[in-house]
Structure formats: structure tokens, C-alpha cells
Number of protein chains: 2
Amino acid sequence: MTTASELRDAALREFASAGYLGTSIQAIADRAGVSKASVLYHYTSKEALLDAALSPAIEQIGAILPRTVQLSGTDEERRDFLVRFVDLLLEHRLAAQIFITQSGALIDVPVVARAQVLIREIAEARPQQTVDDQVRFAVALGGAAYLLAQAGSYGVQAAPDDTQLRDSLIRILGELLASVTPA
Amino acid sequence: MTTASELRDAALREFASAGYLGTSIQAIADRAGVSKASVLYHYTSKEALLDAALSPAIEQIGAILPRTVQLSGTDEERRDFLVRFVDLLLEHRLAAQIFITQSGALIDVPVVARAQVLIREIAEARPQQTVDDQVRFAVALGGAAYLLAQAGSYGVQAAPDDTQLRDSLIRILGELLASVTPA
DNA sequence: ACGCTAACTGACCGATCGGTCAAATCCTGA
DNA sequence: TCAGGATTTGACCGATCGGTCAGTTAGCGT
């Protein structure tokens with residue numbers, strides 16, 4: 001683990017739990033065991049640190065964007081897309097949590113704006129949506145992210161293990177999106 | 001409109017769009033057309049202002065808490081509960097948005113802690129839940145709140161009108177929660 | 001052993017924020 | 001008209017934050 005990657009990881013956790021505005025550079029430095037000045041040596045600014053923490057998740061989200069059409073396909077195609085999507089959410093659950101909870105307050109930050117554009121592109125990838133379709137999709141996306149955020153912030157509370165959560169989430173999102181109007 | 005209620009309304013909007021930490025007392029004062037000192041005359045602190053802005057929503061949420069058992073009842077009972085719940089979300093959509101997006105970063109604020117306890121009580125009101133049940137409920141709750149938050153932050157974009165959104169949301173949440181295991 | 005560069009740090013700066021306070025102004029009832 | 005409380009305000013304070021900078025330490029090729 002290089003210092004830079006440790007800082008990126010510490011920032012990701014801190015931003016997710018306390019919020020970007022609620023996180024001081026000093027707090028990130030403390031978590032990583034270095035000085036505040038050292039943080040700003042590796043990253044030119046607090047915003048650059050947010051960018052570094054979120055970019056990996058954004059790139060992978062962008063990579064599966066072309067597959068969104070599978071949602072209007074057969075049951076197998078839809079399930080295939082959902083498996084990739086849920087796995088991606090699980091892998092980058094902290095980044096997803098930051099997106100969902102703070103994208104509104106951080107629209108002026110470039111990396112967040114890019115993520116918002118991506119999410120909107122995913123939502124609008126399928127043509128001639130009914131209101132029901134939009135609601136199904138928004139509930140599925142927001143609900144999944146909220147679930148993972150809550151599961152992550154369960155302190156003592158017993159949270160279901162990831163594999164169980166994954167299976168259940170894939171199944172239920174599948175049901176939720178099964179009745180979208182075909183393209 | 002008294003000055004106090006105008007300030008409470010301005011604070012609610014500002015907290016929802018920019019976040020509690022991202023909102024300065026000066027910004028609330030500007031929105032309401034008064035001075036910063038005047039804000040602190042009507043409310044003893046920024047935290048008191050948040051409390052005043054969120055309390056009405058919390059009280060109504062607490063009022064429907066006993067009806068949560070209807071989720072395990074007949075289809076009509078469940079629909080009846082969902083109608084009340086969705087209407088409550090629509091009426092207090094800004095407060096709901098603040099809860100969902102910032103409760104994690106604001107757990108040390110008493111009013112937010114109270115809200116979190118309420119939500120947890122609602123989620124745990126039904127006995128012997130399976131993982132699927134938990135997932136369904138979390139997706140429904142978080143998804144609905146996310147949808148309203150997004151619909152509220154649509155600037156130019158055409159957002160579906162409230163009645164259409166209400167009908168669709170009630171129907172789809174009903175489907176989502178229809179297959180929870182009976183008590 | 002030397003020199004060079006990357007890594008790191010404490011001290012400091014300007015700006016902003018939440019909150020206080022004394023004074024000014026407004027409003028109302030007698 | 002006027003006394004007195006309610007309301008409003010500008011000036012100010014201490015604390016915190018993001019960021020800068022000069023200087024120190026650590027590692028490494030020669």
C-alpha cells in the first residue's frame with residue numbers, strides 16, 4: 001500500500017461516513033497516520049482527493065453503460081445486466097453511497113457532475129418510457145444504493161452477509177424491472 | 001407568514017439543496033431577506049433551525065408508525081398504509097430528502113437521531129423478517145425517497161406531475177411489498 | 001561518502017463560519 | 001404622545017478550515 005492509495009482509501013471512508021463537507025483534511029491525515037501537509041503533497045487539494053476516490057467507480061459505471069439496453073431484453077439478458085450492476089454497487093458501495101447522498105450538494109465538483117450525467121444516461125438509455133418505468137428505475141437504483149449505504153453503516157446491528165444480500169438484491173430488482181415496457 | 005416560519009421554510013429548502021453543512025446562516029438570511037443576526041434571534045442556533053425544519057415531518061411519521069402492521073395484512077390494508085405513507089413523503093419531500101441523504105453525517109444532531117430511530121422502528125415493526133423482506137423494505141423506502149429527491153431537483157427537466165407520481169409510486173411499492181412473508 | 005530527489009512536516013495565512021452583543025428601530029397599548 | 005417590549009441590525013470575536021511555504025528527513029544511485 002502506497003501512501004497515496006492509503007490516503008485515497010481513508011478519504012473514501014471519511015467522505016462516506018461524515019460527508020465531503022463534514023470531513024476535514026486533518027481527519028483524513030489522522031486516519032492515514034500522516035500530517036495534513038503530507039495529504040496536500042500527494043493530492044493538490046481536497047477536491048482532487050474526492051476525484052481520486054470516486055473516479056475508479058465512475059469509470060466502471062461508464063463501462064457497463066452500453067449494456068443498459070439489456071434491461072429491455074429477455075429475462076436472461078436483464079438478469080445478466082443486474083448481476084454486473086449489483087456486483088459493481090457492492091464493490092464500490094462507499095462511492096455509490098457518496099454519489100447518492102451527496103451528489104445534490106456537490107454538483108459544482110467536476111467528478112460528481114460527471115457521475116450525475118452517467119446515471120442520467122443510464123436512466124434515459126431506454127426509449128419512450130412511461131411514468132411507471134421511470135418510477136421503477138428510480139426506485140430500483142435509489143433503493144439499492146440506500147440499502148447498501150444502510151448495510152454499511154450498521155455498527156453493531158447484524159447485517160446480512162454480502163452474498164445473501166447480493167442474491168436477494170438481484171432477484172428483487174429483477175422482479176421490479178421485469179414489467180418495464182419493452183422497447 | 002411570520003418571519004420565523006419564513007426562516008424555517010428557507011432553511012428547509014437550503015438544507016435540502018446544499019446540505020446542512022453546506023448551508024451558512026447567511027445564506028438562509030439572504031433567502032428570507034433578513035440579516036444573519038435576525039436569524040439567530042428567532043432560532044438560538046443553526047441546529048435549532050434544523051430541528052424546527054424537520055420536526056413537523058418527524059411527528060407525522062411517528063403518528064403512522066402504529067399502522068405499519070398493515071403491511072403484513074390484506075391487500076387493501078397494505079394499500080391503505082402505502083397511500084398514507086406516500087402522501088406523507090410527498091408533503092414532506094424536502095424533509096425526507098434531508099433524512100435520507102444526510103442522516104448518516106448528522107447522527108449527532110438530536111432531531112436526526114430521533115428520525116433514524118423512527119425509521120428503524122418502522123422497518124423492524126414486522127416480526128421474523130427474511131433477508132428478502134428486509135431488502136424489499138429498504139429498496140422501497142430508500143427508492144421512494146430517492147425518487148422524490150431527484151424529482152425535486154429536476155431543474156429544467158420535465159418532471160412528472162405529483163398526482164401521476166403518487167399513483168405510480170403507490171402501485172409499484174404495493175407490488176414490491178406484496179410478497180413479504182405474512183406475520 | 002556524497003548528492004539528489006521524493007516524501008514529509010510544523011508553522012503560518014487568509015477566509016469563512018457560528019455565535020454574541022450593544023445599539024437602533026418598530027410596534028402596540030395606555 | 002409616550003413608555004416598553006419585540007424585532008432587527010452591523011460590528012465584532014474565537015475557532016476552524018483549506019491551502020502555502022520553507023525547511024527537514026529518508027531513500028537511493030554512483
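Convention: sequence-line order gives letters A, B, ...; per-chain numbering from 1.
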Visitor: Establish, with yes or no, whether the OP1 or OP2 oxygen of D:dT8 is under 4.0 angstrom from a side-chain nitrogen or oxygen of B:Thr3.
Guide: yes
Visitor: Do we see a donor-acceptor contact under 3.5 Å between the side chains of B:Thr2 and B:Ser5?
Guide: yes
Visitor: What does B:Thr2 touch in the nucleic acid at a heavy-atom separation under 4.0 angstrom: a base, only the sugar-phosphate, or nothing?
Guide: nothing
Visitor: Kindly compute the distance separating CZ (B:Phe99) from NE2 (B:His92), expressed to the nearest 0.5 Å.
Guide: 9.5 Å
Visitor: Under 3.5 Å, side chain of A:Glu77 to main-chain N/O of A:Thr74, donor-acceptor pair present?
Guide: yes
Visitor: Taking atom types as modelled and ignoring hydrogens, do the side chains of B:Asp132 and B:Thr130 form a donor-acceptor contact shorter than 3.5 angstrom?
Guide: no
Visitor: Rounded to the Å, how far apart are A:Leu21 CG and D:dG18 C1'?
Guide: 12 Å
Visitor: What is the distance, to the nearest angstrom, from the NZ atom on A:Lys46 to the P atom on D:dC17?
Guide: 9 Å
Visitor: Look only at the side chain of B:Gln102 and the backbone of B:Tyr20, and say whether a donor-acceptor pair between them is shorter than 3.5 Å.
Guide: yes
Visitor: To the nearest 0.5 angstrom, please state how far the CD atom of B:Glu175 sits from the CD1 atom of B:Ile170.
Guide: 12.5 Å
Visitor: Could you tell me how far apart B:Leu50 (CG) and C:dG19 (P) are, to the nearest whole angstrom?
Guide: 12 Å
Visitor: Got a sec? Which of residues 24-41 of chain A come in under 4.0 Å of DNA chain C, heavy atoms?
Guide: A:Val34, A:Ser35, A:Ala37, A:Ser38, A:Tyr41
Visitor: Within less than 4.0 Å of OP1 or OP2 of C:dC8, is there a side-chain N or O belonging to A:His42?
Guide: yes
Visitor: Note down the inter-axis angle between the two ends of the helix from C:dA1-D:dT30 to C:dA30-D:dT1, five pairs each, to the nearest 10°.
Guide: 10°
Visitor: Please tell me if the side chains of A:Leu50 and A:Phe15 come closer than 4.5 Å, counting only heavy atoms from C-beta onward.
Guide: yes
Visitor: Please step through salt bridge (Lys or Arg N to Asp or Glu O under 4.0 Å) for the pair A:Asp9 and A:Arg13, ending with a clear verdict.
Guide: CA-CA 6 Å; A:Asp9 189 66; A:Arg13 294 177 196 274; 3.0 Å; yes
